[in-house]
Amino acid sequence: MSVISIKEVSKIYNPDKIPVKAVDKVDLEIEKGEFTAIVGPSGSGKSTFLNIVGGLDNPSSGAVVIDGVDISTFKESALIDFRLNNIGFVFQSYNLIPVLSSLENVEFIMLMQKIPKEQRHARAIELLKEVGLEKHLDRKPSELSGGQQQRVAVARALASRPKFILADEPTANLDSHSTENLMGMMADINKKEEATFLFATHDQRVIDKARRVVTLEDGRIVKDEKR
Amino acid sequence: MYFTLAWRNIWRNKRRTFITVGSISFAVFIAVVMQSMQKGSYARMVDTAVSFYTGYIQVHKDGYWEEKILDNIMPLDEGQISQIEGVDHVKLVFPRLESFALASKEMNSKGVVVLGIDPDKENQLTNLKSKIAHGQYLQPNDDGALISEGLAEYLELGVGDTLVLIGQGYHGVNAAGKFLVQGVLDIPSPEMNSGTVYLPLQRAQWFYGAEGLISGYVIDVQEQNMVPGVTAELQTLFDSEIYEVMDWPTMLPDLVQSIELDYVSGLVMLIILYFIISFGILGTFIMMTNERSYEFGVMTAIGTQKLRLVLIMFLEILMLAALSVVVGSLLAMPLVLYFNANPIVMTGETANMYEKFGVEPIIPFAKDPMIFIHHAAVVFIVSVLLSVYPVVSILNLKIIKALKS
Ligand SMILES: Nc1ncnc2c1ncn2[C@@H]1O[C@H](COP(=O)(O)OP(=O)(O)O)[C@@H](O)[C@H]1O
Ligand SMILES: [Mg+2]
């Protein structure tokens, strides 16, 4: 069974005025352990698609089935709990709660999952080690570089043991060195932990790391190649 | 962690928090100081009037209080006294005969209030003995009189001199008598101090030709809050066709009214102050909410229930309120305690108002913890009401829109 199974999903903005078909009848299956990039020019519908896959937005039509559960009809509060336990998120920037340290940011998501204190503390430290931030456990986001902040975000996304991790242009605000670092680290984690990654990007260096590249154009999949 | 989060959040913008806490605590400070002063002055007014003159409750012949003439007096009845004493929470009962006379010495004269008293029991309520400036307090069988200091000065009377009283007695008889000045009283009420004469009850009855008659019973009660209960019970004991049972607010309507008026005008001022401050608080809440919409978007995206965000925001608001209440109270406390121990002495207009009610124009502040608690409650209630804005905006947060902000 696929981790993500998208069936005939469309998203139409402004259906009453001038309709914009941001996503147009997309079908996509993502298997466990994939490291897949959604690519395409700006405005091609990458963010809209990822938001729908992540349960942040409702499709206008079609089904979004995550690990066998169709979430396209979930109510808000159920969707929030579903995201907490099944999906990890890394956004373009400002992912973290500014008043919490790296450690606390990673622990926070497990606190919401009601994981006991010792357990979440130990796991947060372990994950921050994995992303190479064991020396910055007590730093606030404002005391970290953009790349370091994104690594904390990756550690947080992993902390809840999600079915997959979504990342919408995670490197858009990073320099090339930090981009290499972050992507290398994500690829390592993908291999080591069999964590499933789905990320949107239009950065060639990021695309190069992907093992499957799905190309969107005007909301449609025009190419889907595995390497 | 939620507490830590909330606490750190309120310090994200230190300047704003200082301004917010500062303005709320300023309101609390003003409110507490003002009301401590008001309550202190009212307590003093009531206390002086009640403990020095009316007592908490009085029983007279019906109509006496309205028209204090000797035709409206009644017989002293020991049976009634024991009946009143039998009522729960009654501390003390004693008779008084009160009327007017002209006091004179040689060519000078002055209208005075004459109070025929039971010296011993009168002292238990009013502490009259302690007001003796010169001379001796009365014994029940004495022939002499106590006069207030103002009268003594006006008529140039001293201890050992003779006071002449002339007046109209019971049923219109002429009343005249000579009394040895046994003592001079320094009475705190300026009005009473200017012209009051105390006689033992029997001497007063003799003077007015009113043997066995009194103007009423003065009743002291254990605690002020027991007055309504005791009054109600006394009203069942005394036939309302013949007698009037009056509590102190009924006897002193002007005093009660002027206290209420003063309290309400202060309250109006405080309401305006709180209203202005509320706008500031609301502004802070709006900023606290709006500047964090992206952050709230991320938090909901990763799985934070909106109710949890509301809880965190609510904690922040409670912390701000608590901080303000604590700071405001800490600022007010020393002032209240100081002026409780060292009352303010009033002058001018305000002093006149006090004197009108027979009260010495000084204000000891009340140190009533309820005042602090009330204003703490006001701040919390206002904060909770204003938190409707953040709560509603969080509950209505649209995740995609928030993430784009
Ligand atoms: N909230 C919205 N309302 C209307 N149109 C939108 C909205 N969000 C995105 N769009 C439109 O949908 C299309 C896809 O946008 P988006 O998913 O952001 O693309 P990408 O992430 O690939 O740049 C664009 O034409 C964009 O203008
Ligand atoms: Mg995008």
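Every chain is numbered from 1, with letters handed out A, B, ... down the list of sequences.
Residues Leu198(A) and Ile4(A) meet the side-chain proximity criterion, which asks for heavy atoms closer than 4.5 Å. Between Val21(B) and Ile24(B) there is no side-chain heavy-atom pair separated by less than 4.5 Å.
When Pro98(A), Pro162(A), Gly54(A), Ser47(A) are compared by the number of non-hydrogen pairs under 4.5 Å with chain B, Pro98(A) comes out ahead. Listed options Gln92(A), Glu107(A), Met112(A) were ranked by heavy-atom pairs under 4.5 angstrom with chain B; first place goes to Met112(A).
Every pair passing ring-ring contact (aromatic ring centres under 6.0 Å, His included) that includes a residue from residues 70-99 of chain A is listed here, sequence neighbours excluded: Phe74(A)-Phe82(A), Phe89(A)-Phe91(A).
For a residue to count as touching a neighbouring chain, one of its non-hydrogen atoms must lie under 4.5 Å from one of that chain's; by this rule Glu76(A) touches chain B with the side chain only. Heavy atoms of Ser101(A) lying under 4.5 Å from chain B belong exclusively to its backbone. The part of Ile109(A) that comes within reach of chain B is its side chain, from C-beta onward, which places non-hydrogen atoms under 4.5 angstrom from that chain.
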Problem set entry | Worked verdict on His202(A) versus Lys46(A) for side-chain contact (heavy atoms from CB on, under 4.5 Å) | CA-CA 10 Å; His202(A) 54 242; Lys46(A) 304 185 293 295; 4.2 Å; yes
For this session: Show the numbers, then the answer: is there a side-chain contact (heavy atoms from CB on, under 4.5 Å) between Glu104(A) and Phe108(A)?
Result: CA-CA 6 Å; Glu104(A) 289 164 334; Phe108(A) 185 77; over 6 Å; no
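For Gln35(B) and His374(B), the side-chain atoms include no donor-acceptor pair closer than 3.5 Å. Remark: the Gln149(A) side chain and the Asn95(A) side chain contain no N/O donor-acceptor pair separated by less than 3.5 Å.
The shortest heavy-atom contact between Pro59(A) and Val9(A) is CB-CG1, 3.9 Å.
Of residues 272-309 of chain B, those residues lying under 4.5 Å from chain A by any heavy-atom pair are Tyr294(B), Glu295(B), Val298(B), Met299(B), Thr300(B), Ala301(B), Ile302(B), Gly303(B), Thr304(B), Gln305(B), Lys306(B), Arg308(B).
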